[in-house]
Amino acid sequence: MDFILEDQQPSPGGIPAIDFRKELNDEQFAAVTAPPGPLLVLAGAGSGKTRTLTYRVAWLLSQGVRPGEILLLTFTNKAAKEMLQRVHELTGVEPGQFWGGTFHGMGHRALRMHGEAIGLEKGFTILDADESEGLLKQAVEESEKGFFKDKTHPRPGPLHDLISMGRNTVNSLQETITRYFPQHEELIDRVPVFASRYAAKKKAAKVLDYDDLLEFWLRLLKESPQTAAYFTQRFKHVLVDEYQDTNKLQAEIVDLIGAHHRVMAVGDDAQCIYSWRGADFENILTFPDRHPGTVIHRIETNYRSTPQILELANGVLLAQPKGRHFDKELRAAREDGEKPYLVEAMDTREQAQFIIQRLRGLADEGYALKDVAILYRAHFQALDIQLELSRLQVPYQITSGVRFFEQAHVRDLIALLRFVFNPADIAAWGRIAILLPKVGDKGAQKLHGLALDIAKAKKMDFLDALDAPEVFAKVPPDCKEEWPRFTASLQQVGETMRTLSPANTIDVAIDGWYGDYLKGAFNNYPTRLDDLKSMVGFAGRFNEMSEMLGQVMLLSTETTSRSDDPNDDALRLTTVHQAKGLEFPIVFLVGLAENMFPLRRSIESGDIEEERRLFYVAVTRAKDQLYLCYPKVNTKGGPAMLMTASRFIEELSPDLHQPLRLKRSYGW
């Protein structure tokens with residue numbers, strides 16, 4: 001929930017005495033008790049950022065600041081609730097007396113109070129995600145009726161994400177497409193028309209979507225001087241959590257409300273890793289320029305990791321280009337531990353086998369499975385690890401994600417292969433057929449039955465029967481244009497399956513009809529395409545499609561390694577992005593080869609610095625032991641290729657890590 005203080009709340013009395021000096025270290029104390037003014041608190045990983053913010057609120061209250069004069073902006077309701085609950089425990093001031101919550105939540109409140117100043121009627125309503133996509137779909141079809149019939153065009157959800165990215169980064173839609181969605185460059189002149197019509201439909205219906213809450217709040221502050229003055233005068237202190245994650249809209253809102261410059265921005269430029277969500281690295285980098293006289297406080301004492309892990313993390317920071325970051329050096333509060341290990345494996349399978357072997361040793365050292373995390377840059381890089389864990393029935397969890405073979409696009413591809421291999425597999429047919437326009441479950445079954453009857457009557461191949469005029473006559477009108485491409489692709493996959501290898505078959509399937517569908521169905525098309533291409537390498541281990549499909553089904557239905565209870569003793573698998581904010585005694589960071597971390601597409605698009613920051617986030621998740629692992633050979637797909645260690649390893653001093661050499665028996 002968001003917390004809101006109604007006007008004219010009385011000033012709290014009797015704030016309990018807090019020994020700030022005793023409760024905080026020197027760095028935290030300096031930031032918490034700093035005089036009002038523009039403050040940039042650079043809180044390194046594991047340094048107590050939340051504690052600093054919480055005690056800053058308590059300090060302001062102890063100095064006579066009223067709760068209603070403090071605006072606390074966060075990125076999650078959970079963070080705001082926990083922070084203000086802790087303030088309540090420290091001071092006795094109820095959370096409901098503050099304005100504290102997410103940017104969007106506070107924007108909603110502001111628009112309810114003052115939206116009429118920019119023409120918003122008091123009775124406006126907020127669309128949820130499905131409703132927003134539905135209204136956008138109507139807007140597009142009014143402009144171009146057959147737009148969504150083309151499978152390569154983005155569906156309403158991905159199209160909405162595209163438009164949203166442009167709005168949150170304050171970039172033109174043309175620039176947004178070129179930078180973030182190059183697979184849709186042919187639409188560069190059409191999407192702005194759709195966005196304009198969508199905005200008009202929202203206005204006519206007196207509704208706002210999620211992005212409007214920020215855009216209209218900013219517009220309110222810009223176009224209504226009276227309202228801007230109200231907020232500036234009311235909120236004597238503005239505190240922002242995770243400032244490095246702000247987008248351009250959010251940063252400008254903070255600047256306008258904090259025009260008095262009594263703003264405390266807390267964050268870490270080295271952990272800015274969400275540009276793909278619209279976060280703008282320049283916001284934190286240029287904060288001192290926009291708020292003259294900014295005092296920078298560095299909180300660098302780390303309570304999480306051993307000195308050896310932090311020395312390596314500092315080495316990552318030193319590799320950043322000069323003038324494009326704030327200098328900082330993490331210092332350990334803990335005693336010495338082991339140097340991080342550098343592990344060179346032959347391939348991803350040996351990398352997985354090494355981890356399994358090491359888990360046994362860690363168990364002997366007293367570590368539970370839940371103490372161990374395996375981190376990776378992209379989901380497909382954990383395929384072999386998931387296979388090995390499932391084979392050996394080692395329980396594991398995937399943080400905020402699903403197992404590789406449970407992902408929708410992977411299941412789609414497997415269903416397509418299953419159906420071509422066995423056209424009688426009605427379940428596999430049903431999964432892929434309903435991806436066609438206006439084909440539902442019942443329609444799919446009827447088309448399958450009709451094709452089966454024709455195949456039997458004419459003694460022809462089932463896949464060829466799908467092209468029969470009698471079947472085509474029953475295809476829904478909206479699907480007729482796509483049907484020939486669909487059936488031709490299935491036939492091509494079938495021919496390849498009969499004559500070539502499973503790996504070749506998957507290549508053909510990806511390049512055919514389903515590849516076109518993938519491009520329009522998901523906004524993270526490149527990531528999902530990487531997942532499917534990794535299946536080519538997996539398929540290369542099998543001579544027959546029946547073997548491969550059987551293995552996939554066994555892995556997909558495996559239950560002994562599944563663990564969904566966070567309290568279970570299970571290994572944690574997660575992308576680095578999902579691991580931000582978490583910590584683990586033992587961390588295996590895998591796939592640390594060039595073109596895997598950093599990813600090839602990040603290298604090609606010039607996003608190396610964000611990849612380096614992601615590497616920094618990864619290594620600072622480890623508390624006791626850190627293993628940096630990379631494969632020498634890439635077997636993702638096509639011929640095997642030799643790989644080198646990631647540039648992020650190569651640029652570190654060799655003194656910061658120690659080699660752990662594997663024997664082919666997977667000992668060390």
Side-chain angles (χ1 to χ4, degrees), residues 1-5 9 11-103 105-106 235-246 254 257-258 262-268 271 284 295-304 333 580-583:
M1 62 179 288
D2 291 307
F3 300 102
I4 187 79
L5 170 70
Q9 286 288 333
S11 177
I15 300 296
I18 301 172
D19 189 342
F20 291 93
R21 177 66 278 179
K22 179 182 177 182
E23 296 292 327
L24 305 166
N25 67 28
D26 291 346
E27 300 160 337
Q28 294 167 343
F29 181 77
V32 164
T33 62
L39 303 170
L40 179 58
V41 180
L42 300 172
S47 64
K49 167 184 67 66
T50 301
R51 185 178 186 82
T52 301
L53 262 175
T54 300
Y55 274 84
R56 175 63 174 182
V57 176
W59 167 263
L60 292 174
L61 295 174
S62 73
Q63 300 302 298
V65 176
R66 295 156 56 93
E69 296 174 336
I70 300 172
L71 174 62
L72 176 63
L73 293 168
T74 67
F75 280 85
T76 67
N77 288 315
K78 180 182 177 183
K81 185 175 182 178
E82 290 177 352
M83 215 174 293
L84 293 179
Q85 184 58 40
R86 179 59 180 145
V87 170
H88 172 60
E89 294 169 1
L90 286 172
T91 66
V93 178
E94 294 289 341
Q97 291 187 259
F98 294 91
W99 270 63
T102 64
F103 278 90
M106 295 298 95
F235 298 121
K236 303 295 194 297
H237 300 271
V238 180
L239 283 68
V240 189
D241 189 20
E242 300 286 10
Y243 187 79
Q244 78 280 347
D245 294 336
T246 54
V254 170
I257 295 179
R262 289 188 296 277
V263 179
M264 174 183 273
V266 181
D268 183 358
Q271 296 190 67
I284 191 168
V295 177
I296 297 177
H297 290 267
R298 289 175 171 81
I299 304 178
E300 299 170 320
T301 302
N302 177 289
Y303 295 92
R304 174 186 300 157
K580 186 174 181 291
L582 304 178
E583 58 182 38

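Being a predicted model, the structure only gives us computed values, none of them experimental. Computed from heavy atoms alone, side chains included, the values below leave out hydrogens, waters and symmetry copies.
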Using the rule given for side chain to side chain contact (heavy atoms under 4.5 Å, CB included), can you reason through L90 versus L61, listing the C-alpha separation, both sets of side-chain angles and the distance that settles it, and then say yes or no?
CA-CA 11 Å; L90 286 172; L61 295 174; over 6 Å; no
With side chain to side chain contact (heavy atoms under 4.5 Å, CB included) as the criterion, how do V266 and T52 come out once you've worked through the C-alpha distance, each side chain's angles and the decisive distance to 0.1 Å?
CA-CA 9 Å; V266 181; T52 301; 5.7 Å; no
If we check side-chain contact (heavy atoms from CB on, under 4.5 Å) with T54, which of these qualifies: R86, E82, Q85?
R86
Quick check: does any side chain N or O of R56 sit under 3.5 Å from a backbone N or O of A34, one acting as donor and the other as acceptor?
yes
When every non-hydrogen atom of A43 is compared with those of K49, the smallest separation belongs to CB-CB, 3.7 Å
Checking the side chain of N302 only, and the main-chain atoms of A45 only, is there a donor and an acceptor separated by less than 3.5 Å?
yes
Between G267 and I284 the two heavy atoms that sit nearest each other are C-CD1, 4.2 Å
Determine whether a donor-acceptor pair (N or O, by modelled atom type, separation under 3.5 Å) exists between the side chain of E27 and the backbone of E300.
yes
Correct closest heavy-atom pair for M83 and L72 would be SD-CD2, 3.9 Å
Quick one: are K580 and D245 in side-chain contact, heavy atoms under 4.5 Å?
yes
Beyond-backbone contact of V93 with V57, side-chain heavy atoms, under 4.5 angstrom:
no
Side chain to side chain contact (heavy atoms under 4.5 Å, CB included) involving D19 - partner list, sequence neighbours excluded
R21, K22
Donor-acceptor pair, R262 side chain versus K236 backbone, under 3.5 Å?
yes
Between Q28 and S47, is there a donor-acceptor pair closer than 3.5 Å when you use the side chain of the first and the backbone of the second?
yes
Is the shortest side-chain heavy-atom distance between V263 and V254 below 4.5 Å?
yes
Over 60° means perpendicular and under 30° means parallel, so tell me whether F103 and F75 are parallel, tilted or perpendicular.
tilted
